[in-house]
Amino acid sequence: ASGEIEIGVVQIVQHGSLDEANRGFVDALKERGYGPDKVEIEQENAQGDQSNLKTIVSRFKAEKPKLICAIATPAAQAAANEITDYTSAKLVQNDERPGGNVTGVSDFAAMDAQMELAGKLIPQAKHVGLIYCSSEVNSEVQANQMKDYCKKHGLAVEERTVNNVNDIQQVAESLIGKVDYIYVPTDNTLASSIPTLMKITDANKIPVIVGADIMAKDGALAALSVDYYRLGKQTGELAADILDGKVKPETSPIQHQKDYTIVINKQDAEILGLTIPEEIAKKANMV
Ligand code: TRP
């Protein structure tokens, strides 16, 4: 290693899914000959703070790295990578032909499949809560899809947004008695504070359905999710192809993962007094 940054990795916040993706990214690079013994990889975490993010990215850019891996939409908007919707985040011209120096792998899981899972777990539901952070465009696109689904299927949506983790408790409390379950997309702010949400929802027996596996491991009832370690590996493979000069970002389509895992938190099901239908329990990863 030369002592200068060759690959900069910037992650918006510490939470399980992003940590997994990060690990997958580094492992894939290593397998492709870009291990820490060969290239200088610098890891930075913005701890959920936008101004940290800016500082990190400008420091990276000043060092002219070969590549920056940005983990999650807010990080990618400050720099460039593993995010939900690249076009809405204005990072690419279109997903098929990005057209600039940004490409990557998306964690978007089909909304229909997520809502169908929720419908099987809580079949009597008529009112659904939705919580996300107003400044995350990744969440906004998922929220819009969720609302479309609910409209089509005759479900009423109670939508709430937070500015930061400090609003979670109050927003959750505002949904007590109003909803049959709450849906939380892959929102970086909520994902970093699932236990705060669960304290209110569990005490009031409101099931919480989430967009990412680790959020269910952290206490939520269920998720239908991509595998974030594999997503990170896929991103690392793409980065290695770029470093090898095999592909160029502008002509490398945004990649997606097509197979999902269902994760059910058994302990939370018990707290809620909910029986998991056999058909789901059979194929789910029970945590
Ligand atoms: N999809 C998020 C984004 O585009 C990032 C993300 C990945 C995430 N895994 C997650 C967010 C799990 C919350 C929970 O920014």
Side-chain angles (χ1 to χ4, degrees), residues 9-25 45-50 53 57 68-92 95 102-111 114 130-146 161-162 164-165 168 182-198 208-236 254-257 260-263 265 287:
V9 182
V10 55
Q11 184 173 321
I12 174 65
V13 69
Q14 195 145 11
H15 67 68
S17 309
L18 302 187
D19 297 347
E20 283 288 287
N22 196 325
R23 211 163 53 79
F25 178 76
N45 192 307
Q47 312 295 348
D49 183 313
Q50 291 292 334
L53 204 56
V57 169
I68 294 175
C69 173
I71 302 184
T73 302
Q77 285 176 309
N81 213 321
E82 190 238 321
I83 64 164
T84 299
D85 189 277
Y86 284 76
T87 306
S88 302
K90 300 197 170 41
L91 290 162
V92 297
D95 282 14
V102 177
T103 188
V105 183
S106 162
D107 69 341
F108 225 137
M111 189 55 65
Q114 293 188 58
L130 165 65
I131 306 180
Y132 62 99
C133 174
S134 51
S135 65
E136 292 194 33
V137 63
N138 45 293
S139 305
E140 212 179 294
V141 288
Q142 298 174 79
N144 287 338
Q145 288 197 356
M146 183 270 192
T161 59
V162 301
N164 54 51
V165 291
I168 295 174
I182 294 172
Y183 173 72
V184 179
T186 62
D187 181 278
N188 296 288
T189 306
L190 267 298
S192 69
S193 259
I194 290 295
T196 308
L197 174 64
M198 299 315 294
V208 177
I209 307 293
V210 289
D213 52 4
I214 310 253
M215 298 161 88
K217 288 185 186 138
D218 281 353
L221 175 66
L224 180 134
S225 158
V226 301
D227 178 327
Y228 283 92
Y229 177 75
R230 267 211 298 126
L231 201 79
K233 282 202 95 172
Q234 198 175 338
T235 311
I254 302 301
Q255 300 178 17
H256 291 264
Q257 210 173 81
Y260 310 123
T261 314
I262 293 174
V263 178
N265 187 317
V287 296

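All values below come from the heavy atoms of this structure, side chains included, with hydrogens, waters and symmetry mates left out. Numbers here are sequence positions counted from 1. Ligands are counted one by one from 1 in listed order, and the atoms in each one are counted from 1 as well.
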Determine yes or no for a side-chain-to-main-chain donor-acceptor pair under 3.5 angstrom, with S193 supplying the side chain and L190 the backbone.
no
Provide the number and element of each atom of ligand 1 under 4.0 Å from a heavy atom of A212.
12 (C), 14 (C)
Do any N or O atoms from the side chain of Q142 and from the backbone of N138 form a donor-acceptor pair under 3.5 angstrom?
yes
Atoms of ligand 1 close to A191 [distance to a heavy atom under 4.0 angstrom, numbered from 1]
13 (C), 14 (C)
Atom of F108, atom of Y260 and distance for their closest heavy-atom approach
O-OH, 3.9 Å
Give a yes/no on ligand 1: does H15 have at least one heavy atom closer than 4.0 angstrom to it?
yes
Ligand-side contact atoms (ligand 1) for residue partner P74, heavy atom cut-off under 4.0 Å:
15 (O)
Could you tell me which atoms of ligand 1, counted from 1 in the order shown, lie closer than 4.0 angstrom to a heavy atom of T73?
3 (C), 4 (O), 15 (O)
Ligand 1 atoms in contact with D107 (distance to a heavy atom under 4.0 Å)
1 (N), 2 (C), 5 (C), 6 (C), 7 (C), 9 (N)
Under a 3.5 Å distance rule, please check whether E136 uses its side chain to pair with a backbone N or O of T73 as donor and acceptor.
no
Test of understanding: given a 4.0 Å heavy-atom threshold, classify the contact between D187 and ligand 1 as side chain, backbone, both, or neither.
backbone
So is Q142 polar-close to ligand 1, meaning N/O to N/O under 3.5 Å?
no
Of all the atoms in ligand 1, which lie at a distance below 4.0 Å from a heavy atom belonging to M215?
14 (C)
Tell me the contacting part of A72 for ligand 1: side chain, backbone, both, or neither, using a 4.0 Å heavy-atom threshold, strictly below.
both
Would you say the side-chain atoms of S225 pair up with the backbone N or O of D213, donor to acceptor, closer than 3.5 Å?
yes
Decide whether an N or O pair under 3.5 Å exists between E136 and ligand 1.
no
Give the atom numbers and elements of ligand 1 that come within less than 4.0 Å of a heavy atom of N138.
2 (C), 3 (C), 4 (O), 15 (O)
Do you know the tightest heavy-atom contact between A72 and N188?
CB-OD1, 3.5 Å
Where Y228 and A212 come nearest, the two heavy atoms and their spacing:
CE1-CB, 3.8 Å
Could you measure the distance from the CG atom of L231 to the CG atom of N22? Nearest 0.5 Å is fine.
12.0 Å
